[in-house]
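Notes follow the structure.
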Amino acid sequence: ETGVTQSPTHLIKTRGQQVTLRCSSQSGHNTVSWYQQALGQGPQFIFQYYREEENGRGNFPPRFSGLQFPNYSSELNVNALELDDSALYLCASSYTGLAGFDEQFFGPGTRLTVL
Amino acid sequence: KNEVEQSPQNLTAQEGEFITINCSYSVGISALHWLQQHPGGGIVSLFMLSSGKKKHGRLIATINIQEKHSSLHITASHPRDSAVYICVTPTGNQFYFGTGTSLTVIP
């Protein structure tokens with residue numbers, strides 16, 4: 001059973017550019033959540049995808065968007081990058097079934113720096 | 001005011017001490033997660049619990065849904081326990097994170 005993986009591990013972009021971060025869920029999981037963690041802060045919930053549809057969203061602008069694919073892998077897209085978007089981006093996968101939401105397993109994160 | 005509050009924010013302990021980290025929340029929840037984040041960013045899920053108590057090795061987590069309070073206990077603390085501990089409440093389609101407790105265990 002493979003764990004949650006993310007790519008790339010590090011990324012440097014400039015203001016105004018667009019970025020795509022990728023996450024491969026743990027085998028058997030159908031739900032993926034994305035989080036932003038600024039340096040020295042706790043993670044902030046961006047959104048969650050369940051069965052390829054957005055299933056909840058935190059307080060992030062529309063330039064943060066996502067996709068979940070049939071194999072339950074996921075992408076986080078950020079348009080028009082701003083300096084404040086510099087952060088560690090974490091994804092977490094879980095299984096949501098009839099009993100509801102299950103424990104999340106986190107990926108190692110992608111560290112994005114916006115210059 | 002945060003929906004989820006943790007205390008203390010920072011904690012330094014001597015190796016072997018018993019440690020308690022508290023989490024209080026104001027939102028209605030069905031379950032609560034305790035996470036451990038090591039320097040460098042890796043996050044490990046320690047517990048997910050919706051009632052009572054769970055134990056894993058030297059770690060014990062308790063929750064009182066009525067009082068909206070959870071605690072994470074570490075027995076016989078060790079320097080490798082040094083990390084940030086975060087409680088998370090999934091509520092509806094949102095996740096609320098506690099402010100985190102930074103634990104340093106000194107040999």
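Fair warning: this is a prediction, and the values are worked out from it, not measured in the lab. Every chain is numbered from 1 and lettered A, B, ... according to where its sequence line falls, protein lines coming before strand lines.
Follow the hydrophobic side-chain contacts under 4.5 Å out from A:W34 and you never reach A:L67; the two are in separate clusters. Criterion: ILVMFWY side-chain heavy atoms under 4.5 Å apart, direct or through other members. Under it, A:Y72 and A:V32 are not part of a common hydrophobic cluster. Cluster annotation: A:Y49 and A:F60 are assigned to the same hydrophobic cluster (Ile/Leu/Val/Met/Phe/Trp/Tyr, side-chain heavy-atom contacts under 4.5 Å, transitive). With hydrophobic clusters built from ILVMFWY side chains whose heavy atoms lie under 4.5 angstrom apart, A:L90 does not share a cluster with A:I46. A:F47 and A:L88 fall into different hydrophobic clusters, where Ile, Leu, Val, Met, Phe, Trp and Tyr residues are linked whenever their side-chain heavy atoms come under 4.5 Å apart, directly or through other members.
Residues A:Q48 and B:F95 have side chains in contact (heavy-atom distance under 4.5 Å, counting atoms from C-beta outward).
Annotation: the span from B:Q36 atom CD to A:F106 atom CZ amounts to 12.5 Å, rounded to 0.5 Å. A distance of 7.5 Å separates NE2 in B:H33 from OG in A:S94, rounded to the nearest 0.5 Å.
Heavy atoms only, all atoms of each residue included: A:Q37 and B:Q37 are closest at OE1-NE2, 2.6 Å.
Close placement of the A:Y35 and B:F97 rings is indicated, their centers lying within 6.0 Å of each other.
Counting heavy-atom neighbours within 6.0 Å of A:R63 CZ, excluding the residue itself, gives a total above 12.
Comparing B:L35, B:I86, B:T99 by heavy-atom pairs within less than 4.5 Å of chain A, the highest count is held by B:L35. Top candidate by heavy-atom pairs under 4.5 Å with chain B, chosen from A:G42, A:G107, A:A92, A:P43, is A:P43.
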